[in-house]
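Structure record follows, encoded as structure tokens.
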Amino acid sequence: MPELPDVEGFRRVVADHAAGATTRRVRVRDAGVVHGSADAFARELTGRTFGRPDRHGKWLVVPTGGRFPELLAHFGMTGAFVWGGTDEPDHRHDRVVFEFDGGALRYRDMRKLTGLRWARDESEADDVLGDLGPDAAAIDRDDLRARLTRSRRQLKPALMDQTALAGLGNLCVDEILWRSRLPPDAATTELRAPEWTNLHRRLGAVLRQSSRVGRVPDRPSWLTGHRDEHDGRCPRCSTALRRGRFGGRATVWCPHCQPG
DNA sequence: GGTCTTGTTGCACC
DNA sequence: AGGTGCAACAAGAC
């Protein structure tokens with residue numbers, strides 16, 4: 001689930017409930033989701049006042065105290081930040097629980113992929129975030145074009161390359177390509193100026209609308225609303241949707257709207 | 001049983 | 001060199 005819009009939702013959870021509050025206890029229920037020592041993680045983040053959370057791509061960065069140590073959170077495919085009462089029973093997939101005076105922030109994740117880390121300084125934060133491209137929600141058209149045309153590659157894998165631009169995942173990219181009427185295997189170097197303008201505009205619209213609700217909506221008017229259907233049809237032209245794999249990811253597209 | 005999964009990493013291969 | 005494909009990670013759905 002978690003792509004840029006989802007992480008934007010988790011950012012709001014932290015901003016609305018945990019920012020300005022001080023951690024009284026940090027419970028690491030599953031050391032597997034914490035990078036490095038679980039004891040050090042809990043110790044370093046206990047008694048810290050959370051600051052304003054920031055999102056870069058799919059990473060959420062929460063400063064504590066003045067700035068460091070920073071909490072760095074990644075949500076893999078199934079993770080989430082959930083706010084609730086301190087007295088609520090733990091969900092079985094609550095891997096780490098940050099307890100504050102007024103409630104608890106729960107890092108809930110079914111699978112356990114990347115998880116939580118902390119950085120003691122700029123250099124350690126850079127070890128995690130340094131290779132990321134600019135955030136997909138803030139990139140301008142010319143930068144988008146420049147970063148995706150450094151070499152000839154398929155458009156879908158290029159958009160999902162977090163070092164090119166950060167934040168887009170499988171669902172976002174299929175939605176953006178469908179709205180842009182571009183096939184997933186279009187060569188980035190073959191696109192012309194009007195197509196870049198259009199792609200940039202659609203990308204922005206998908207991210208804005210999705211971020212507002214904290215997920216890529218599965219409304220009937222969106223391609224995403226039909227990707228799990230057996231006999232899915234294009235919401236624009238009713239053509240049977242096609243399925244395949246690009247960049248190793250399950251891909252859905254409309255062969256009529258997105259001709260190859 | 002087998003296959004699939006919205007993310008990332010590391011590796012082999014070209 | 002850099003794009004591409006794949007397995008691995010873990011747990012669940014079908």
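Atom CG of Asp16(A) has more than 12 heavy atoms from other residues, nucleotides or ligands within 6.0 Å. When the shell of 6.0 Å around CZ of Arg27(A) is examined, it contains more than 12 heavy atoms from other residues, nucleotides or ligands. Residue Arg236(A) places its CZ atom among more than 12 non-hydrogen atoms of other residues, nucleotides or ligands, all under 6.0 Å distant.
Atom CZ in Arg227(A) sits about 13 Å away from atom C1' in dC4(B), given to the nearest Å. Computed from coordinates, the Met160(A) CE to dT8(B) C1' distance equals 10 Å when rounded to whole Å. One interatomic measurement links the two molecules: CG of Leu116(A) to C1' of dG7(B), which rounds to 15 Å at whole-angstrom precision. For the pair Asp174(A) CG and dT6(B) C1', the computed distance is 10 Å after rounding to whole Å. Taking atom CG on Asp109(A) and atom P on dT6(B), their separation rounds to 15 Å, with Å as the unit. Whole-Å rounding puts the Trp59(A) CH2 to dT9(B) P distance at 8 Å. Rounded to whole Å, the distance from NE2 on His74(A) to P on dC9(C) is 19 Å. What separates CG of Asn170(A) from P of dT6(B) is a distance of 5 Å, to the nearest Å.
The six-membered or imidazole ring of Trp118(A) lies away from that of Phe68(A), with a centre-to-centre distance of 6.0 Å or more.
One finds no salt bridge joining Lys156(A) and Asp185(A) here, because no Lys/Arg side-chain nitrogen approaches an Asp/Glu carboxylate oxygen to under 4.0 Å. Taking a cutoff of 4.0 Å between a charged side-chain nitrogen and a carboxylate oxygen, Asp101(A) and Arg24(A) qualify as a salt bridge. With respect to the salt-bridge test (charged N to carboxylate O, under 4.0 angstrom), the residues Arg141(A) and Asp143(A) do not qualify.
Residue Ser151(A) places at least one side-chain N or O under 4.0 Å from the OP1 or OP2 atom of dG3(C). For dT6(B), neither phosphate oxygen OP1 nor OP2 lies less than 4.0 angstrom from any side-chain nitrogen or oxygen of Arg215(A).
The side chain to side chain contact (heavy atoms under 4.5 Å, CB included) test with Phe41(A) is passed by exactly one of Val33(A), Thr46(A), Leu71(A): Leu71(A).
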Distances under 3.5 Å only, N/O to N/O: pair up the protein atoms with those of nucleotides 5-7 of chain C.
none

Protein-nucleotides 12-14 of chain C N/O pairs under 3.5 Å:
unit_1, atom_1, unit_2, atom_2, d
dG12(C), OP1, Arg92(A), NH1, 2.9
dG12(C), OP1, Arg92(A), NH2, 3.0
dG12(C), OP1, His93(A), NE2, 3.0

Pick out the pairs of N or O atoms, protein on one side and nucleotides 12-14 of chain B on the other, that lie under 3.5 Å.
none

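Using modelled atom types, one finds a donor on one side chain and an acceptor on the other under 3.5 Å when comparing Asp161(A) with Thr163(A).
Judged as a salt bridge (Lys or Arg N to Asp or Glu O under 4.0 Å), the pairs with a partner in residues 67-78 of chain A (not counting sequence neighbours) are, in order, Arg67(A)-Glu70(A), Arg67(A)-Glu122(A).
Nearest nucleotide to the side chain of Pro157(A), out of dT4(C), dT8(B), dA11(C): dT4(C). Side chain of Arg153(A), nearest nucleotide from dT8(B), dT4(C), dT6(B): dT4(C).
Applying the ring pair (Phe, Tyr, Trp, His ring centres under 6.0 Å) test to Trp83(A) and every residue at least two apart in sequence or in another chain returns His17(A), Phe100(A).
Residue whose closest nucleotide on DNA chain C sits further toward the 5' end, between Arg249(A) and Asp161(A): Asp161(A). Between Asp30(A) and Arg152(A), the one whose closest nucleotide on DNA chain C sits nearer the 5' end is Arg152(A).
Nucleotides dT6(B) and dG3(C) have their P atoms positioned 22 Å apart, rounded to a whole Å. Distance noted for atom P between dT8(B) and dA1(C): 25 Å (whole Å).
Contact record, Thr188(A) with Ala158(A): CG2-CB, 3.8 Å, taken as the closest heavy-atom pair.
Atom CG of Asp6(A) and atom CZ of Arg55(A) lie 10.5 Å apart (nearest 0.5 Å). If you take OG1 on Thr23(A) and CZ on Arg25(A), they are separated by 12.0 Å, rounding to the nearest 0.5 Å.
Both the sub-6.0 Å distance and the 45° axial angle are not jointly satisfied by Arg227(A) relative to the ring of Trp178(A).
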Original post:
Using Watson-Crick and G-U wobble pairs whose two distances are both under 3.5 Å, how do you write the pairing of DNA chain B as dot-bracket, with | for links to another strand?
Top reply: .||||.||||||||
